[in-house]
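All remarks here apply to the structure that follows.
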Amino acid sequence: MSMKATLRQVDSIIVIDMSGRITLGEGCTQLRELVREQLGKGKKELLLNLADITYIDSSGIGELVSAFTTVSNQGGQLKLLNLTKKVHDLLQITKLYTVFDVHDDEAKAIGTFGKAAGA
Amino acid sequence: MTAEASVIEVELESDLKNVEVAEEITRRVSGTVGFSEDDQHKIDMAVHESVINAIWHGNKNDPGKHVWLRFQMFSDRLEIRIRDQGNGYDPSKLPDPLAEENLLNVSGRGIFLLRTFMDEFRVEGIAGGGTEVILVKRINSNNSAQSRRNEP
Ligand SMILES: Nc1ncnc2c1ncn2[C@@H]1O[C@H](COP(=O)(O)OP(=O)(O)O)[C@@H](O)[C@H]1O
Ligand SMILES: [Mg+2]
């Protein structure tokens, strides 16, 4: 019902495979803690795989934005991978699609870390 | 085919657990009415955001205050009313979440989203206290005009 996350490391990057819902309550809290935990371990390159996320609400969008700014402020990078149409549309209408670095190919996404945004 | 609209009414306590209850009912209703999968999701999300606002901003999480959900099904549309026991607000005075300076805000996108997803959105004060949000989704609001144009 809620959110599930599995972590794996590819090179220096932490890929987080997420499924379920990022909505007010559990889903948002989990995401926040996950990001905080990784930053605490000095892992500042995070790739969120949203392929199996079925539902994001306005709080979930806020949580993604918050994760993005927290990681950026610590000199890290947070990127998004494999958006479903629903999530893609949501980021599009909230004008956040261009704020986030969005990818649909994991290997290519991994390759963009460490480089300056937009490079 | 009948002109009479059917009505479903639910009363919920101000507990965020009830957001899921509201969603469950909404999904049943919108499925019955025959909305597309895409529209069902939009309606679902609009009710989700409205019920959270009613509990959070309207009733200030006071468990003694309630939220009323009312679904009215017409032949051409679904009308949903979400009522709380708060003081209301003026939706025309909300900051624009698309403005450059608000883009990275963590909140303030709920009303914007449900406005985008529904065909009508109104906020009304209730005589004697309380606030009601009215949401309308028309059946085939996106596709029917197109398909009708193709008819001989
Ligand atoms: N039912 C309500 N009663 C009173 N105020 C409300 C209600 N719904 C929304 N608001 C006001 O409108 C603002 C915007 O709501 P919304 O777009 O959902 O963003 P958020 O809930 O993230 O603040 C809220 O911060 C609140 O001030
Ligand atoms: Mg809200």
Side-chain angles (χ1 to χ4, degrees), chain A residues 1-3 20-33 35-36 50 52-74 76-80 83-102 117-118, chain B residues 14-24 26-27 30 36-58 61 67 82 91 94-118 121 133 135 142:
Chain A
M1 195 63 233
S2 196
M3 201 259 275
R21 302 164 49 128
I22 311 177
T23 52
L24 182 76
E26 257 182 81
C28 285
T29 312
Q30 264 176 278
L31 173 58
R32 194 178 320 144
E33 276 167 10
V35 169
R36 193 187 298 160
L50 304 182
D52 294 321
I53 288 295
T54 52
Y55 194 161
I56 299 187
D57 67 358
S58 70
S59 305
I61 297 173
E63 206 56 59
L64 284 176
V65 170
S66 167
F68 174 81
T69 42
T70 307
V71 172
S72 304
N73 287 342
Q74 299 209 13
Q77 290 183 310
L78 180 138
K79 304 187 180 206
L80 305 181
L83 306 188
T84 61
K85 188 183 177 296
K86 263 180 209 159
V87 175
H88 173 276
D89 291 352
L90 216 49
L91 293 187
Q92 209 51 279
I93 55 175
T94 52
K95 286 198 173 173
L96 289 168
Y97 192 79
T98 48
V99 170
F100 288 105
D101 192 6
V102 180
Chain B
S14 293
D15 185 328
L16 284 177
K17 283 191 188 114
N18 282 328
V19 175
E20 278 185 35
V21 176
E23 282 174 32
E24 195 71 39
T26 305
R27 221 165 295 139
S30 64
S36 67
E37 183 65 35
D38 198 39
D39 278 350
Q40 283 185 43
H41 179 72
K42 288 177 178 168
I43 297 165
D44 199 8
M45 198 154 166
V47 174
H48 170 96
E49 296 289 342
S50 302
V51 171
I52 289 174
N53 281 350
I55 294 175
W56 202 270
H57 302 299
N61 281 311
V67 174
I82 301 101
L94 297 177
D96 175 11
L98 301 187
E100 190 73 41
E101 68 273 20
N102 296 329
L103 221 49
L104 291 179
N105 286 359
V106 296
S107 62
R109 294 183 182 87
I111 305 287
F112 167 78
L113 286 177
L114 63 88
R115 272 195 147 133
T116 314
F117 287 165
M118 302 301 277
F121 162 77
V133 167
L135 304 172
N142 307 316

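Given the structure is predicted, the values throughout are model-derived calculations rather than measurements. Order of the sequence lines sets the chain letters (A, B, ...), proteins ahead of strands, with each chain counted from 1.
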Using non-hydrogen atoms and a 4.5 Å limit, figure out which bit of [X] sits close to chain A: side chain, backbone, both or neither.
{"X": "B:L98", "answer": "both"}
{"X": "B:I52", "answer": "side chain"}
{"X": "B:D44", "answer": "both"}
{"X": "B:L16", "answer": "side chain"}

Do the charged groups of B:E20 and A:R21 touch, with an N to O distance under 4.0 Å?
no
With a 4.5 Å limit on heavy-atom distance, are the side chains of B:F121 and B:V133 in contact?
yes
Could you tell me which portion of [X] (side chain, backbone, both or neither) has an atom closer than 4.5 angstrom to a non-hydrogen atom of chain B?
{"X": "A:S66", "answer": "both"}
{"X": "A:L96", "answer": "side chain"}
{"X": "A:L90", "answer": "side chain"}
{"X": "A:S72", "answer": "neither"}
{"X": "A:K86", "answer": "side chain"}

Might you point out which heavy atoms bring B:S50 and B:A46 nearest each other, and give the distance in Å?
OG-O, 2.8 Å
Looking at A:I61, A:V87, A:T54, A:I56, which one forms a side chain to side chain contact (heavy atoms under 4.5 Å, CB included) with A:I22?
A:I56
From the list B:V21, B:D15, B:V19, side chain to side chain contact (heavy atoms under 4.5 Å, CB included) with B:K17 holds only for B:D15
Taking B:N105 for the side chain and B:P97 for the main chain, is one N or O donor matched with an acceptor at less than 3.5 Å?
no
Contact winner vs chain B - A:T23, A:L24, A:D89, A:T69, heavy-atom pairs under 4.5 Å
A:L24
Within a 6.0 Å radius of atom CD on A:Q92, are there more than 12 heavy atoms belonging to other residues, nucleotides or ligands?
yes
